[in-house]
Amino acid sequence: MTQVFVVHPENPQGRILAQAAQILAKGGLVAVPTDSSYAVVARLDDKSAAEDLRRVRGLDERHNLTVLCRDLAEISTFAKVGNSQYRLLKMATPGPWTFILEATKEVPRRVSHPSRKTIGIRVPDNKIVRELIDQVGSPLLSTTLIPEGESEALNDVAEIEKRYKGQIEAVVDGGACSMQPTTVIDLTDETPVVVRVGAGDPVKLGLS
């Protein structure tokens, strides 16, 4: 059975999100709204988290999973950030951006890209998911909730519940998301590379 927790999008009820946090603490997967689309999340320190997320999405280990952080300071724990990278991250966070960075030793090997040792990093501009991270007390491992073989993320809670019954333990219903993917920027080299243009406009960061 997949539980559905309905919360206010602007003033999410902490007592309800605490129930979702308890499910994550027990190793469950939870679908949550973000500032781009719905994502499925797990605890970063859960040993089966990466495998479970990839199984739900039908992904292989070469696909970068994303760490959802609360703020810029938290990013440096999980990714190697130089001065130029820091300035760009400061301009962009929070917001609909995913940054590919070199992972630190704090990121479990099973989570990072097997050959490049990289990880996706996000600071979402969404009160629900940020409050959930607070409830859990640490960043969350995530992937966009796109059904295997499809190209668009799910945006309807009833559809998510129907499709992933028995695979996802809970869905946090915060209403519809924007349905635009994040803009992905690779910061592993000196020159930033825009991998995918989505909701974030690269021009605002001085990129084209």
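Side chains are part of it too, since the values below use all heavy atoms of this structure and drop only hydrogens, waters and symmetry mates.
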Whichever hydrophobic residues join L68 through chains of side-chain contacts under 4.5 Å =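 Joined to L68, directly or through intermediates: F5, V7, I16, L17, I23, L24, V30, V32, V41, I128, V129, L132, I133, V136, L140, V172.
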
- prompt: Hydrophobic clusters join Ile, Leu, Val, Met, Phe, Trp and Tyr when side-chain heavy atoms are under 4.5 Å apart, directly or via other members; which others share one with V203?
  reply: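 Joined to V203, directly or through intermediates: none.
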
Report yes or no: does [X] contribute a side-chain atom to a donor-acceptor pair with the main-chain N or O of [Y] at less than 3.5 Å?
X: T104; Y: T77; value: yes
X: T2; Y: I168; value: yes
X: Q85; Y: L187; value: yes
X: E131; Y: G14; value: no
X: N155; Y: C177; value: yes

[X] with [Y], same ILVMFWY side-chain cluster at under 4.5 Å:
X: V123; Y: L207; result: yes
X: Y164; Y: V6; result: yes
X: V197; Y: I146; result: no

T143 and R54: CA distance, side-chain angles, deciding distance, side-chain hydrogen bond (donor to acceptor under 3.5 Å, both in side chains) verdict: CA-CA 8 Å; T143 185; R54 290 185 175 118; over 6 Å; no

Just checking, any donor-acceptor pair under 3.5 angstrom between side chains of T191 and D189?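 No, D189 and T191 have no side-chain donor paired with an acceptor closer than 3.5 Å.
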
Original post:
With distance as the sole criterion, is a donor-acceptor pair present between the side chains of R57 and T144 under 3.5 Å?
Top reply: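 Looking only at side-chain atoms, T144 and R57 do not form any donor-acceptor pair under 3.5 Å.
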
- Query: Listed by chain and number, what are the salt bridge (charged side-chain N to carboxylate O under 4.0 Å, His left out) partners of E169, not counting sequence neighbours?
  - Reply: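 Applying salt bridge (charged side-chain N to carboxylate O under 4.0 Å, His left out) to E169 gives none.
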
